[in-house]
Amino acid sequence: MDKFIIQGTKKLHGTVTIGGAKNASLALMPATLLASGNYELSNTPELRDVATMSKLLQTMGVTTERAGTTLKVNTFRVNKFEAPYEHVKKMRASIYVLGPLVARYGKARVSLPGGCAWGPRPVNLHLEGLKKLGASIDMESGYIIAKAKRLKGTRISFSVSSVGATGNIAMAAVLAKGTTQIENAAIEPEITNLLQFLVAMGARIHGIGTTTLEIEGVDALHPANCSTIPDRIEAGTMLVAGAMCGGKIIVDKCDPSHLSAVTSRLIDAGAKLTIGESSITIEAPKKITPVNIVTSVYPGFPTDMQAQWISLMSVAHGPSTVIDTIYTDRFKHVPELVRLGAVIELNDNIASIRGVKKLEGAKVMSTDLRASAALILAGLRAEGETEVLRVYHLDRGYESIEKKLTLLGADIKRVAGEEF
Ligand code: EPZ
């Protein structure tokens, strides 16, 4: 398993280009199951999770081919309607094939996703929504067996705002007979990207961008092309790198309108930001002002930026708290940051951070995607050498992060090889 070796305290300068959004691609790709034909999904990032989704779709008979940053998808020969455990255990987003398969083929056999590195990840809202649409849902040795002659439009009100359940149920409802209302729908930009793609395929969806969707089912959809939105979490991660390491960087090819919760807190932390149409320039503050955050659904502060923010606050001038209300157990990065000299106390889902003057390089272990990003950020800031082990977690959601950071002046090297 690869590791990164970082020599810290280098100031960052220059421009970093942001790729397509992982969490948009992981919904757009299975949406192609809804109609046979050829698709072009542009700005699709080259990530481990995208490769996993491609492999899963290929086991169903889909062909995918990369042409630069465009992913070409052909769904003429879908002949298998299941997502085996070996794929789902690697990536929970595999469950996104459930809605399209039941809607288009009337059946699906999808492994229940296990937990993830930081805890249980239930799918009850996905299953309850499909049942409300008229699907039969049975469980058989860890698999979800879903069947439906034809789904029927209905009213669904999510008890919790869920990105995945909103995407899955929307992809099921577009081919249902009749109209479906979805209340308390997620409004993350990745869901808007998906819903706009479904409309391009002929779906009839009203209320896109709001928490109440009305979907008039149609008998059939047709292929369409789609452009993947920029990855707001990669952009946010790079902005935090800019704030932590000193210097001035330009985060290019991003969508600043997707990042206002993060940019406003960075300004509160003392960073100087210049916000353009599709780029954000950040000048690091001399002193980082402590800023408390509470994560929430979009457009609030994203849980996927929580770990990175704790890294930043670990070198702020004063105390701060970070509360994660979405995932109350997503703090595997905290003990690793403490190894780097951070002073953080954890009580349930509240991290209390006392900023320190400096972090000291050490060996730390990646546990999940965003926790790994937090460790990289801290290593860039720390004095001396930091080794971040098991960086395959990072490769799931960041495209060649070490190359992008090196271009900004960081000293970070990937070392391939043995079990660490
Ligand atoms: C998506 O996961 C993202 N993944 C996650 O990003 C992100 O952290 C999360 O949304 C929240 O924004 C993808 O889009 C592939 P949820 P998802 O359903 O859809 C509870 C990353 O780092 N819930 O919005 O799985 C759940 O426990 C990843 O890129 C239920 O209770 O998240 C959580 O508390 C990590 N029952 C809350 O809802 C359900 O059936 C939000 O989860 C589903 C969810």
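Both counts, for ligands and for their atoms, begin at 1 and track the order of listing. FYI, side chains are in, hydrogens and waters are out, and symmetry mates aren't considered; it's all heavy atoms of this structure. Keep in mind it's a predicted model, so treat the numbers as computed, not measured.
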Is R92 touching ligand 1 with its side chain, its backbone, both, or neither, if touching means heavy atoms under 4.0 Å apart?
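For R92, the contact with ligand 1 is made by the side chain alone.
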Counting only heavy atoms, which portion of N124 has something under 4.0 Å from ligand 1: side chain, backbone, both, or neither?
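Within the 4.0 Å criterion, N124 contacts ligand 1 through backbone and side-chain atoms alike.
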Looking only at heavy atoms, which two atoms of R370 and Q308 are closest? And how far apart?
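That would be CD-NE2, 4.0 Å.
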Considering all heavy atoms, the nearest A172-L130 contact
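Answer, listing the atom of A172 first, then L130: CB-CD2, 3.8 Å.
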Are D2 and R414 close enough, and set up right, to give a salt bridge (Lys or Arg N to Asp or Glu O under 4.0 Å), and what steps lead you there?
CA-CA 7 Å; D2 293 3; R414 181 185 288 257; 3.0 Å; yes
Answer yes or no: is there an ion pair linking R232 with E190, defined by an N-O contact shorter than 4.0 Å?
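Looking at R232 and E190, the cut-off is met.
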K22 bridged to D304 by N-O distance under 4.0 Å:
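No.
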Has ligand 1 got any nitrogen or oxygen that is less than 3.5 angstrom from a nitrogen or oxygen of L125?
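It does: an N or O of L125 is found under 3.5 Å from an N or O of ligand 1.
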Is there any N or O on V160 that sits under 3.5 Å from an N or O of ligand 1?
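No; every N/O pair is 3.5 Å or more apart.
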With no hydrogens and no angle check, just 3.5 Å: does a side-chain donor-acceptor pair link S36 and R104?
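On atom types as modelled, these side chains qualify, holding a pair under 3.5 Å.
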S157 versus N184, side-chain donor and acceptor atoms under 3.5 Å:
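Side-chain D/A pair, N184 to S157: absent.
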Can you report which non-hydrogen protein atom sits closest to [atom], along with the distance?
atom: atom 27 (O) of ligand 1; value: P122 CD, 3.5 Å
atom: atom 19 (O) of ligand 1; value: G164 N, 2.8 Å
atom: atom 5 (C) of ligand 1; value: D304 OD2, 3.8 Å
atom: atom 42 (O) of ligand 1; value: Y327 OH, 3.5 Å
atom: atom 18 (O) of ligand 1; value: S162 OG, 2.7 Å
atom: atom 11 (C) of ligand 1; value: T303 CG2, 3.9 Å
atom: atom 22 (O) of ligand 1; value: R370 NE, 2.9 Å
atom: atom 3 (C) of ligand 1; value: N23 ND2, 3.6 Å

What atoms of ligand 1 come closer than 4.0 angstrom to any heavy atom of [X]?
X: K22; answer: 21 (C), 29 (O)
X: A93; answer: 15 (C)
X: H126; answer: 40 (O)
X: V123; answer: 39 (C), 40 (O)

Which of these passes side chain to side chain contact (heavy atoms under 4.5 Å, CB included) with I282: L239, I250, I267, T263?
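Single side chain to side chain contact (heavy atoms under 4.5 Å, CB included) partner of I282 among L239, I250, I267, T263: L239.
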Run through M60, K80, M171 and flag the one making a side chain to side chain contact (heavy atoms under 4.5 Å, CB included) with L101.
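Answer after filtering M60, K80, M171: M60.
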Shortest heavy-atom approach to atom 1 (C) of ligand 1 - which of I326, V163, D368, N168:
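The residue whose heavy atom sits nearest atom 1 (C) of ligand 1 is V163.
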Could you establish whether R330 and ligand 1 come within less than 4.0 Å of each other, counting only heavy atoms on the residue side?
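Per 4.0 Å heavy-atom rule, R330 contacts ligand 1.
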Name the orientation class of the two ring planes belonging to Y39 and F197 (parallel below 30°, tilted from 30 to 60°, perpendicular beyond 60°).
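Judged by the thresholds at 30° and 60°, the geometry between Y39 and F197 is perpendicular.
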Is the side chain of S366 donor-acceptor paired with the backbone N or O of L389 at a distance under 3.5 Å, no angle test?
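A pair under 3.5 Å: yes.
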